[in-house]
Amino acid sequence: MFSYAGKPGSVIPLLIAAILWSPGSVALEASGQVVDVAGKPVPHVRLRFASDQSVPYSTSVFSGPDGTFVASIPDRDLDQVELDVFRIGWQTTGVETTSRTNGVTLRVTLQSIENVADQVPSSAWLQGDPDSTAYHMTTLQCSNCHQLGSERVRNFSAKLAALPAEQRSEAWLERSVEDLSYDGKRGAWRENESTPAEEKIEAWESMVQYMRLVTLRLGEQNKLRWGLEEGSDFYNALLQPETSLFVPRDMEIVVPNLARNFPVEFDRFTGFNDVERLGAYGAGTGTIIEEYVLPTFGWTREIAIAPGSDRVWFLETDKDRLGALNPVDGSVEWFPVPGKGQQGPHTMNADAEGNLWVALEDSFYIGRFNTATREWRMYPPPAGKAFGVTHDFAYNSDRHVQPDTGGRIWITDLGMNELWGINVESGEISTYTMPIAIGESNFHSLLYGAAYDSERDRVWWAQLHGYVGSFDPVKNHVERIVPFDRGAGPRRLAIQDDGILWIPLYGSSELVKFDSIAGIELARFSIPDPGAGPYGVTLDKKRNAVWAATSNSDRIYRFNIATETWQHYPMPRKEAFIRMIEVDPVSGDVWTTYASLPVGKRDPAVFGTESANNIIVRLRPGD
């Protein structure tokens with residue numbers, strides 16, 4: 001049996017000759033054409049073939065300019081495969097199948113539709129002026145854990161329809177406690193039908209609770225993060241508005257903007273043209289996207305490709321372990337992170353020798369894992385370290401961790417606004433506090449991404465709320481700072497060998513081309529989707545391109561450096577929150593993972609599988 005999803009959440013069965021599933025068959029080839037009701041070809045249509053027992057779990061292809069497509073699907077023991085057909089602005093009306101000895105020929109018919117409320121990405125729901133500080137601040141502050149326009153947030157906002165704007169503002173804050181966090185005890189969001197504005201509470205009391213339940217805790221067991229203990233000085237400080245992630249001067253802009261410009265009705269969305277709003281498609285006839293399900297329901301935040309290893313390495317932050325995925329058979333080998341108590345493996349990058357460097361945000365340790373010997377070396381934090389958030393490594397143009405001329409690698413401490421230099425041989429760590437913008441604090445500045453310019457021996461760093469800067473590891477001082485507008489949100493960087501630094505602006509959804517030698521911004525390129533939220537960028541030397549991992553757009557963007565043009569590749573699933581991208585330097589395959597919060601299962605009726613948030617993705621662009 002072969003089936004396709006005619007609408008989100010519905011499956012319509014179609015019978016196919018049993019010869020397709022005969023023993024010994026190597027692969028099923030599904031090819032054909034996508035046309036409209038008048039018989040004209042429809043390009044850029046994604047066709048996702050999925051089965052619970054296949055490796056990979058799903059294979060997606062796209063129709064070309066003439067509407068044709070070809071998909072090779074691994075042999076399956078099951079007699080059912082689900083086909084999901086998707087392009088914004090179109091709806092499937094029928095699928096004709098003709099079986100043949102090596103597969104099946106499909107003719108898929110679509111009709112155009114005006115109401116695309118069930119199809120638009122999360123970014124479409126935030127209204128208002130995309131060029132305003134309020135729009136940028138809202139994207140920056142409200143899309144760090146999950147998509148701003150995710151299903152759970154829309155469900156909450158819909159209940160505010162009868163309230164005036166000022167009461168919606170307070171309701172947004174209270175709902176932070178009631179519905180936008182999970183403490184491991186209450187039911188799911190959709191099960192909580194209470195109206196958040198029935199009992200008003202002081203706005204910043206709600207924000208304190210938001211910090212307690214969401215920012216400081218992680219996982220199904222709701223464990224405290226970052227080495228915090230309840231009642232400690234650092235714990236108490238992070239619960240005070242002025243020293244938290246969500247400071248009053250930001251919330252005075254963000255919360256009213258949500259009340260005014262985030263809808264309360266979600267049944268209709270018309271006038272959305274996918275090419276005009278999202279830009280040119282990069283996905284075409286040769287594009288293949290494969291999904292590998294990890295049914296462990298952990299937070300698979302980061303992946304890495306290590307030289308000399310045929311595995312795809314990934315972290316499960318909430319389960320304190322490193323995993324190795326075999327993309328051929330789908331098997332996974334696990335390697336627990338050594339150490340007492342919570343470790344919190346958070347960020348990971350390889351080096352040129354095939355080691356994996358892992359930042360442990362809960363214990364402040366740094367781990368180095370040898371992918372050949374399968375052995376760990378643990379680097380303890382500086383003596384007396386009571387709080388911090390060991391975060392992003394400084395990597396070179398190959399996205400590899402590389403020691404500087406003094407033998408030190410570099411990592412950001414987000415919690416203390418410090419840059420750490422770790423001597424690879426001795427393990428000695430030196431810490432340096434970075435400058436902060438006027439009105440900022442060390443914690444709220446959020447020292448995030450870093451890059452290492454190996455040609456000039458410089459470490460570049462970025463603060464979400466503040467500066468981008470360079471650090472001289474010989475003289476041990478900050479050499480240059482580059483200010484950005486409030487709400488811009490510089491995040492995870494990429495650097496070229498010639499000193500060109502690529503800076504993604506998370507709040508304003510822009511990509512900055514910066515000459516790090518001259519200290520000059522050369523150009524700024526807006527991502528076509530103004531609410532995309534580029535979490536990080538990755539340099540692709542083979543294609544002379546920069547890949548942007550977006551959190552709000554359900555797609556990966558590609559910036560072609562030579563032509564200064566954008567293309568996008570839609571992901572096969574809703575709420576595809578992407579934090580990083582790794583490019584295999586040999587094959588050119590683009591790897592990522594869905595990394596939304598909260599951790600745990602998803603509703604299969606909405607997301608296609610309960611493991612929708614625990615998936616590793618391979619994109620083969622086809623260029």
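- Rounded to the nearest 0.5 angstrom, S397 OG and L501 CG are separated by 12.0 Å.
- Side-chain atoms of L47 and L83, non-hydrogen and from C-beta on, do get closer than 4.5 Å to each other.
- Across all their heavy atoms, K542 and P585 have their closest contact at NZ-O, 3.5 Å.
- In this structure, the separation between OG1 on T287 and NE2 on H44 is 10.5 Å, given to the nearest 0.5 Å.
- To the nearest 0.5 Å, the span separating CD on Q141 from CG on L464 amounts to 9.0 Å.
- With hydrogens and angles ignored, the 3.5 Å screen pairs no side-chain donor or acceptor of T347 with any backbone N or O of D392.
- Side chain of S51 to backbone of V81: no donor-acceptor contact under 3.5 angstrom is found.
- In this structure, N326 and R311 have side chains that are in contact, with non-hydrogen atoms separated by less than 4.5 Å.
- Using modelled atom types and a 3.5 Å distance limit, the side chains of D554 and Q147 yield a donor-acceptor pair.
- Nearest approach of G536 to R492, heavy atoms of both residues: CA-CB, 3.5 Å.
- Within 6.0 Å of CD in E455 there are more than 12 heavy atoms belonging to other residues, nucleotides or ligands.
- The closest donor-acceptor contact from the side chain of W566 to the backbone of A280 lies at 3.5 Å or more, if one exists at all.
- Checking D274 against Y281 by side-chain atom types alone, a donor-acceptor pair falls below 3.5 Å.
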Applying side-chain contact (heavy atoms from CB on, under 4.5 Å) to T109 and V37, what does each step give before you reach the verdict?
CA-CA 6 Å; T109 303; V37 291; 4.2 Å; yes
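- Atoms CG and CD, on D118 and E151 in that order, are 10.5 Å from each other to the nearest 0.5 Å.
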Yes or no on side-chain contact (heavy atoms from CB on, under 4.5 Å) for V512 and V537, after CA distance, side-chain angles and deciding distance?
CA-CA 11 Å; V512 173; V537 291; over 6 Å; no
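- Within 6.0 Å of CG in N273 there are more than 12 heavy atoms belonging to other residues, nucleotides or ligands.
- Classified by interplanar angle (parallel below 30°, tilted 30° to 60°, perpendicular above 60°), the ring pair W547/Y569 is tilted.
- Geometric assessment of R573 against the ring of F607 yields a negative cation-pi assignment under the 6.0 Å and 45° thresholds.
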Mind running side-chain contact (heavy atoms from CB on, under 4.5 Å) on Y292 and I615 for me, showing each step along the way?
CA-CA 5 Å; Y292 294 83; I615 289 177; 5.7 Å; no
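- At distances below 3.5 Å, not a single donor-acceptor pair connects side-chain atoms of R48 with backbone N or O atoms of S60.
- Between I503 and L505 the shortest side-chain heavy-atom distance falls below 4.5 Å.
- Within the 4.5 Å cutoff, no side-chain heavy atoms of P534 are placed close to those of R491.
- Atom CD1 of I305 sits about 9.5 Å away from atom NE2 of H400, to the nearest 0.5 Å.
- Across P530 and S509, no two heavy atoms sit closer than the pair O-OG, 3.1 Å.
- For W125 and F266, the gap between ring centers is short of 6.0 Å.
- The shortest side-chain heavy-atom distance between T593 and F314 does not fall under the 4.5 Å cut-off.
- Under the 30°/60° scheme for interplanar angles, the aromatic rings of H346 and H391 are found to be tilted.
- With a 4.5 Å cut-off on side-chain heavy atoms, V42 and V108 do not count as touching.
- Here OG of S454 is found 4.5 Å from CD of Q402. Values are rounded to the nearest 0.5 Å.
- Taking each heavy atom of V599 and R602 in turn, the nearest pair found is C-NH1, 4.3 Å.
- Within a 6.0 Å sphere centred on CG of D485, heavy atoms belonging to other residues, nucleotides or ligands number 12 at most.
- In this structure R458 satisfies the salt bridge (charged side-chain N to carboxylate O under 4.0 Å, His left out) test together with D472, E479, sequence neighbours excluded.
- Of the candidates N552, T550, D529, T139, S123 forms a side-chain hydrogen bond (donor to acceptor under 3.5 Å, both in side chains) with just one, namely D529.
- Within the 3.5 Å criterion, the main-chain N or O of V70 finds no donor-acceptor partner in the side chain of E29.
- Ring-centre distance between Y535 and Y506: below the 6.0 Å cut-off.
- Across all their heavy atoms, I88 and P121 have their closest contact at CD1-CD, 3.9 Å.
- Closest heavy-atom contact between R268 and T270: NH2-CG2, 3.1 Å.
- Aromatic rings from F577 and H146 are positioned such that their centres are separated by 6.0 Å or more.
- Between W502 and L511 the shortest side-chain heavy-atom distance falls below 4.5 Å.
- No hydrogens or angles considered: nothing links the side chains of R486 and T133 as a donor-acceptor pair under 3.5 Å.
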Evaluate side-chain contact (heavy atoms from CB on, under 4.5 Å) for S526 paired with E510, printing each intermediate quantity in order.
CA-CA 4 Å; S526 296; E510 296 173 301; 3.8 Å; yes
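- Put simply, the side chain of N560 never gets that close to the backbone of T563: no donor and acceptor are under 3.5 Å apart.
- Side chain of T92 to backbone of G94: no donor-acceptor contact under 3.5 angstrom is found.
- Under the salt bridge (charged side-chain N to carboxylate O under 4.0 Å, His left out) criterion, D589 pairs with R618, R620, not counting sequence neighbours.
- Residue E564 places its CD atom among more than 12 non-hydrogen atoms of other residues, nucleotides or ligands, all under 6.0 Å distant.
- The side chain to side chain donor-acceptor pair (under 3.5 Å) check on W90 picks up nothing, with sequence neighbours excluded.
- Under the 4.5 Å side-chain criterion, counting only non-hydrogen atoms from C-beta, P570 is not in contact with F86.
- Remark: side-chain polar atoms of N115 are paired, donor with acceptor, to backbone N or O of D267 under 3.5 angstrom.
- For the pair Y594 (side chain) and T300 (backbone), a donor-acceptor distance under 3.5 Å is absent.
- R555 places a side-chain N or O within 3.5 Å of a backbone atom of S553 that can act as its donor or acceptor partner.
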